[in-house]
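Atom set for the values below is all heavy atoms of this structure, side chains included, hydrogens, waters and symmetry mates excluded. Proteins get letters first, then strands, A, B, ... in listed order; numbering begins at 1 in each. Quick caveat: nothing in here was measured; it's all calculated off a predicted structure.
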Number of protein chains: 2
Amino acid sequence: MVHILYIEDEKDIGKWVTQNLKEKGYQVKWMQSGEGIDQYISTVDIVILDVMLPGLDGFSIGKRIKRENKDLPILMLSARTAVEDKLEGLSFADDYLTKPFHPDELAARIEVLLRRFNKNDNILQLQHLTIHTKDLQIVNQETGEEIQLTGKQYYLFQYFLRHLNQILTKEQLYEGVWGEPYIEGDKTLMVHIRYLREKIEKDPANPTIIETIRGIGYRVKK
Amino acid sequence: MVHILYIEDEKDIGKWVTQNLKEKGYQVKWMQSGEGIDQYISTVDIVILDVMLPGLDGFSIGKRIKRENKDLPILMLSARTAVEDKLEGLSFADDYLTKPFHPDELAARIEVLLRRFNKNDNILQLQHLTIHTKDLQIVNQETGEEIQLTGKQYYLFQYFLRHLNQILTKEQLYEGVWGEPYIEGDKTLMVHIRYLREKIEKDPANPTIIETIRGIGYRVKK
DNA sequence: CCTGGATTTTAAGGTTAATTTGAGGTTACT
DNA sequence: AGTAACCTCAAATTAACCTTAAAATCCAGG
C-alpha cells in the first residue's frame with residue numbers, strides 16, 4: 001500500500017484530490033498546513049505539497065523535507081504558472097504540476113516518482129516495524145535501526161508477511177520455507193521462530209508480532 | 001559536462017531549443033529522427049524526445065530505450081496536451097512537458113532528472129571514498145590517490161551505487177552486471193566482490209563498504 | 001485449584017553450508 | 001608474445017543452521 005502525505009489548505013481541492021487518489025488505491029493523509037508533518041514523513045512514500053499555504057509556504061516545507069530526507073519524493077502542486085515559481089519548485093522538488101490538472105495526470109506523475117524512488121513496493125507497518133518488502137529491509141521504528149536477518153529468518157518472515165492474518169500450520173511454514181516435507185516432531189522450525197522473535201519482537205519472551213497457535217502453528221496479524 | 005540527446009523533427013523548435021540548452025552549458029546532440037540513435041545512447045546522460053516524429057513515433061522510441069537502458073532518463077516533449085497522451089508518455093518516461101514551454105522550465109526539469117539519476121556531477125562520499133558519480137571516478141580521501149577499476153569491477157560498483165541501501169541478491173547482481181542468468185553455486189561474483197573490496201576497502205579482510213548478507217547477497221549502504 | 005502429560009520455549013554445542021581466500025589457468029587485447 | 005583481466009577450483013574460515021535436552025508453559029481431568 002502506497003502512503004501519500006498531501007498538504008493542501010483549500011478544502012474543495014483537498015477533498016477532491018484526496019477522494020480521487022483514494023479511489024486509485026492510495027492511502028492518503030491530507031493535512032491543511034505544514035504543522036506537525038514530522039510525525040508522518042517517516043512512514044510515507046511520497047509528499048504532495050501545495051505552494052500556497054497559511055503560515056510556512058510549501059517551498060520552505062519542501063526544502064526542509066528534502067534536506068532531512070533525500071529519498072522521499074516531493075511533488076509540488078500550484079496554481080502559480082509563472083516560470084519563476086516552477087524554477088523555484090523544481091530546484092528541490094521532483095515534479096511540479098500546475099492547477100488545474102487532470103487527476104489521472106497527477107496519478108501518472110505519482111507513479112513515475114514511486115517507480116524512480118523504488119517506493120512502489122509494499123511498505124508494511126507492523127507495530128514498531130517498517131518493512132520494505134522489495135529492498136528486503138526491516139527498520140525498527142523506535143530505534144531507527146535496521147534489523148538484519150539471516151537467509152532463513154528472512155524467508156520465514158516473508159512467508160508470514162505473504163500470509164498475513166492467516167494461521168499457518170507448522171507443515172505449511174516448513175514446506176514453504178525449506179521446500180521439503182515437515183517431519184512430525186521436528187523442532188527446527190520452532191527454533192527459527194525463536195531466532196526471528198529475538199530480532200523483531202520488542203520483548204521476545206512475550207511476543208506480539210508472531211503469535212503462537214498452540215497445537216497448530218503460528219500467525220502474524222496486521 | 002552533461003550530454004543530451006535531443007530528437008525533434010521540427011527545425012525551428014529544434015534549433016531554438018538546442019541553442020538554449022547549449023547556452024546553459026549542456027552538450028547537445030540534436031537529431032531529426034529516431035534513426036541511428038543507438039550509437040549515441042550509451043554516451044549520453046539524458047534523452048529529450050519529441051512525440052510527433054516522421055517514421056517511428058516518440059513513444060515507441062522511448063519505450064525501446066527504457067527497455068534496454070533503465071538508467072537513462074527520458075523527458076518527453078509534445079504539443080499534445082490531452083491527458084491520454086500524457087498518461088502514455090508518463091507510463092515509461094520520467095517527465096512530460098507540453099509545448100509551448102519556457103526554456104528555463106525545460107532546463108529545470110532536465111536538472112531534476114539528472115539529480116535523480118545521479119547523472120549530474122554529484123559527489124558521493126562513502127566513508128573514505130569520494131565518488132564522482134557521473135564518470136565514476138573514485139578517490140581515496142586518505143591517500144589522495146585515484147582508484148582504478150577494471151571493467152567488471154566498474155559495472156559491479158556502479159550497480160551498487162545505483163541501488164544504494166538495497167540488499168541485492170546474488171542473482172540480481174550477476175544478472176545486472178553480466179547480463180546472463182546466475183547459476184546457483186557459481187563463485188565468479190564472489191571473487192569479483194573480493195577484487196573490488198581489495199581496491200576500495202580500507203581493510204579488505206573486514207569490509208565496511210560492501211557488506212555481506214549471508215544467504216542472500218550483498219549491500220552498499222550510504 | 002491442583003496435577004500431569006502435551007506442547008512450546010530456551011539454551012548450548014556440534015554440524016553443515018556459505019563465503020572468503022589463494023593460486024593457477026584461460027581468454028582477450030595490444 | 002606479453003600483459004591484464006577474468007574465471008575456475010579447492011582449502012580455509014566463518015556464521016548460519018540443526019540437534020538435543022532441559023525448563024517453562026499450557027490445558028484438561030480430577
Checklist entry - When you check the phosphate oxygens OP1 and OP2 of C/dT7, does a side-chain N or O of A/Thr212 lie under 4.0 Å from one of them? => result no
Checklist entry - If you pin A/Ile216 and A/Tyr195 to their nearest nucleotides in DNA chain C, which one's is more 5'? => result A/Ile216
Item to check | Gap between atoms CZ and P, on B/Arg194 and D/dC7 respectively (whole Å) | outcome: 14 Å
Next on the checklist: If I take atom NE2 in residue A/His192 and atom P in nucleotide D/dT19, what distance separates them, rounded to the nearest angstrom?
Outcome noted: 9 Å
Checklist entry - To the nearest angstrom, how far is B/Tyr174 atom OH from D/dC7 atom P? => result 6 Å
Item to check | Integer-rounded Å distance: C/dT20 C1' and B/Leu189 CG | outcome: 13 Å
Checklist entry - Given C/dT9, is OP1 or OP2 found less than 4.0 Å from the side-chain N or O atoms of A/Arg197? => result yes
Item to check | Ion pair B/Arg80/B/Glu88, N-O distance below 4.0 Å | outcome: no
Checklist entry - In this structure, are over 12 heavy atoms from other groups packed under 6.0 Å from B/Asp12 atom CG? => result no
Checklist entry - Taking OP1 and OP2 of D/dC6, is either one under 4.0 Å from a side-chain nitrogen or oxygen of B/Thr150? => result yes
Checklist entry - When you check the phosphate oxygens OP1 and OP2 of D/dC7, does a side-chain N or O of B/Lys152 lie under 4.0 Å from one of them? => result yes
Item to check | N or O in side chain of B/Thr188 less than 4.0 angstrom from D/dT8 OP1/OP2 | outcome: yes
Next on the checklist: Could you tell me how far apart A/Glu198 (CD) and D/dC17 (P) are, to the nearest whole angstrom?
Outcome noted: 14 Å
Checklist entry - Just checking B/Tyr218: base, sugar-phosphate only, or nothing, at a heavy-atom cut-off of under 4.0 Å? => result sugar-phosphate
Next on the checklist: Tell me the interatomic distance from A/Glu211, atom CD, to C/dT7, atom C1', rounded to whole angstroms.
Outcome noted: 17 Å
Item to check | N or O in side chain of B/Arg214 less than 4.0 angstrom from C/dT20 OP1/OP2 | outcome: no
Item to check | Short side-chain N/O contact from B/Lys170 to OP1 or OP2 of C/dT19, under 4.0 Å | outcome: yes
Checklist entry - Can you tell me how far the CD atom of A/Glu111 sits from the CD1 atom of A/Ile46, to the nearest 0.5 Å? => result 8.5 Å
Checklist entry - Starting at CD1 of B/Ile213 and ending at P of D/dA15, how long is that distance when rounded to a whole Å? => result 13 Å
Checklist entry - Below 4.0 angstrom, N of the basic side chain to O of the carboxylate: do B/Asp38 and B/Arg64 qualify? => result yes
Item to check | Short side-chain N/O contact from A/Trp178 to OP1 or OP2 of D/dC18, under 4.0 Å | outcome: yes
Checklist outcome for this item: Between NZ of B/Lys187 and P of C/dG24 the distance, given in whole Å, is 19 Å
Checklist outcome for this item: Comparing B/Leu149 with B/Val191, nearest DNA chain D nucleotide closer to 5' gives the residue B/Leu149
Checklist entry - Roughly how far, to the nearest 0.5 Å, is NE2 of A/His128 from CD1 of A/Ile209? => result 4.5 Å
